[in-house]
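These notes are about the structure you will find just below.
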Amino acid sequence: LEIIAGELIPTKGGCFWEKHCSVAYMHQIADKSRQEHTLSGGEYTKKKLREVLYQKHQFLLLDEPTNHLDQDSMKWLIKEIQKDHATMLIVSHDRYFLDQCVDRIIEIEEGKIRSFAGNYSFYQKEKERLYQSQLHAYEVQEKRKEKIEAEIENLKGWSQKAHHEARAKAIETGNKFGGKEHNRATGE
């Protein structure tokens, strides 16, 4: 978020805006940062949220905005976000809050980014559906693998049987000619 907000220079890659965009950013409120103040954690978080929400912005970055908020402050924040027309990027572990405020979830997992249209509840259902789909595909693949391995073993058995029968026939054919090997080229 600090890179997107222009507060931190990336060590690799970058963040580029297609056109100028006014960004408002609220850092995650940690206990250390509020110790200097006489406000409670929730009061301090709400004060910082007001500062960010009420400044002019086209893009809003919020890092764990519900930390330390009570129920009433949470309702206030949800209403403020719902009436704000800016594009927002919110980092949060608060599932209820996400269900009320977002219409897209972006997941970063194992170095890959996936986007899900919908709130957190939709994301959970879609994630489970994708998991079940992948599990089904894996099970189908394993059954196919087992079938192919069985066919290979069956072919090995046929090959060994055919080789054994051919050898027996060759020995039998050799016995018809007085126990000597028969030379097909010369007929001897």
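Only heavy atoms go into these numbers, but all of them, side chains included; no hydrogens, no water, no symmetry mates.
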Worksheet entry | Those residues that, when tested against D94, pass side chain to side chain contact (heavy atoms under 4.5 Å, CB included) (two or more places apart) |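 Expected list: T66, M74, S92, Y96, F97.
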Smallest separation among heavy atoms of [X] and [Y], with atom names:
X	Y	value
L53	W76	CD1-CH2, 3.9 Å
C21	Q58	CA-OE1, 3.1 Å
H57	L60	CD2-CB, 3.9 Å
T45	N67	OG1-O, 3.1 Å
C101	I78	SG-CG1, 3.8 Å
L49	P65	CD1-O, 3.5 Å

Cluster overlap [X] with [Y], hydrophobic side-chain contacts below 4.5 Å:
X	Y	result
V102	F122	no
I90	F116	yes
V91	I4	yes
V23	I81	no

Could you state the interatomic distance from [atom1] ([X]) to [atom2] ([Y]), rounded to the nearest 0.5 Å?
X	Y	atom1	atom2	answer
M26	Q55	CE	CD	12.0 Å
K46	S40	NZ	OG	10.5 Å
I3	C15	CD1	SG	8.0 Å
R50	L77	CZ	CG	11.0 Å
L89	R104	CG	CZ	12.5 Å
M88	L61	CE	CG	10.5 Å

Response to the item:
By ring-ring contact (aromatic ring centres under 6.0 Å, His included), W17 pairs with (sequence neighbours left out) F59
Response to the item:
Hits for ring-ring contact (aromatic ring centres under 6.0 Å, His included) against Y25, two or more places apart or cross-chain, chain-then-number order -> H27
For atom [atom1] of [X], decide whether the heavy atoms of other residues, nucleotides or ligands shown that lie under 6.0 angstrom number more than 12.
X	atom1	answer
Y131	OH	no
L155	CG	yes
N154	CG	yes

Worksheet entry | Side-chain touch I105/K127, heavy atoms, less than 4.5 angstrom |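 No, too far: nothing below the 4.5 Å cut-off.
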Discussion item. I'd like to check E64 versus I29 (side-chain heavy atoms, cut-off strictly below 4.5 Å). Are they in contact?
Written reply: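 With C-beta onward as the side chain, the pair stays apart.
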Worksheet item: Do E128 and Q132 get their side chains close enough for a donor-acceptor pair, meaning under 3.5 Å?
Response: yes
Discussion item. Check whether E7 reaches the backbone of L1 with its side chain - one donor and one acceptor, N or O, closer than 3.5 Å.
Written reply: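 Side chain of E7 to backbone of L1: no pair is present.
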Worksheet item: Hey, is E51 close enough to K48 for a salt bridge, meaning N to O under 4.0 Å?
Response: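 Counted as a salt bridge, because a side-chain N and a carboxylate O are separated by less than 4.0 Å.
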Practice prompt. Determine, for E126 against R129, whether the closest basic-nitrogen to carboxylate-oxygen distance falls under 4.0 angstrom.
Written response: yes
